[in-house]
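Since the structure comes first, as structure tokens, the remarks are kept for the end.
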Amino acid sequence: MKVKFTLTMDDVTVNEHHLDNIILDWEEEVNQDEVLELSQKWITSKNFLTSRMVGLTYVGESSLTIEPVD
């Protein structure tokens with residue numbers, strides 16, 4: 001299935017520069033198991049973003065929205 005991911009990050013530090021807000025969105029073909037796995041990692045991992053994004057050292061608040069694309 002095709003889904004749209006929207007990642008919103010507030011109060012962010014990237015390469016020692018402060019940013020108020022970053023929004024990334026993308027569409028991807030994934031199956032239901034992949035969506036569940038990603039959701040679980042997002043919920044349980046405290047450093048989910050900083051461990052995956054080069055230069056990202058701090059995120060105040062973040063949200064990940066996953067919705068199907070028609």
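Heavy atoms only: backbone and side chains are in, while hydrogens, waters and symmetry mates are out. The shown structure was predicted, so the numbers you read here are calculated from the model rather than taken from an experiment.
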Could you see if V59 belongs to whatever hydrophobic cluster contains L19? Use Ile, Leu, Val, Met, Phe, Trp, Tyr and a side-chain cutoff under 4.5 Å.
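Hydrophobic grouping puts V59 with L19.
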H18 side chain reached by V12 side chain, heavy atoms, under 4.5 Å:
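No. Closest side-chain heavy atoms not under 4.5 Å.
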Sub-4.5 Å side-chain heavy-atom contact between D11 and Y58
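When only atoms from C-beta onward are counted, Y58 and D11 do touch, with a gap below 4.5 Å.
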Could you grab the distance from atom [atom1] of [X] to atom [atom2] of [Y], nearest 0.5 Å is fine?
X   : Y   : atom1 : atom2 : value
F48 : L7  : CZ    : CG    : 8.5 Å
I43 : K41 : CD1   : NZ    : 13.0 Å
T65 : I23 : OG1   : CD1   : 10.0 Å
S62 : D10 : OG    : CG    : 8.5 Å
T8  : I22 : OG1   : CD1   : 10.5 Å
N31 : E37 : CG    : CD    : 9.5 Å

Side chain to side chain contact (heavy atoms under 4.5 Å, CB included) for T13 and H17? Distances and angles first, verdict last.
CA-CA 5 Å; T13 303; H17 297 283; over 6 Å; no
Check each of N21, L56, L64 against M9 using the side chain to side chain contact (heavy atoms under 4.5 Å, CB included) test, and report the only one that passes.
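Single side chain to side chain contact (heavy atoms under 4.5 Å, CB included) partner of M9 among N21, L56, L64: L56.
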Begin with the C-alpha distance, continue with both residues' side-chain angles, and end with the deciding distance and a verdict on side chain to side chain contact (heavy atoms under 4.5 Å, CB included) for M1 and V69.
CA-CA 8 Å; M1 76 176 139; V69 175; over 6 Å; no
Under the side chain to side chain contact (heavy atoms under 4.5 Å, CB included) rule, what do W26 and T6 come out as? Steps first, then yes or no, please.
CA-CA 7 Å; W26 67 99; T6 302; over 6 Å; no
Passes side chain to side chain contact (heavy atoms under 4.5 Å, CB included), F5 versus V3? Steps please.
CA-CA 6 Å; F5 295 90; V3 296; 3.3 Å; yes
Run E28 and K2 through salt bridge (Lys or Arg N to Asp or Glu O under 4.0 Å) and show every step you take.
CA-CA 6 Å; E28 190 171 332; K2 191 170 194 173; over 6 Å; no
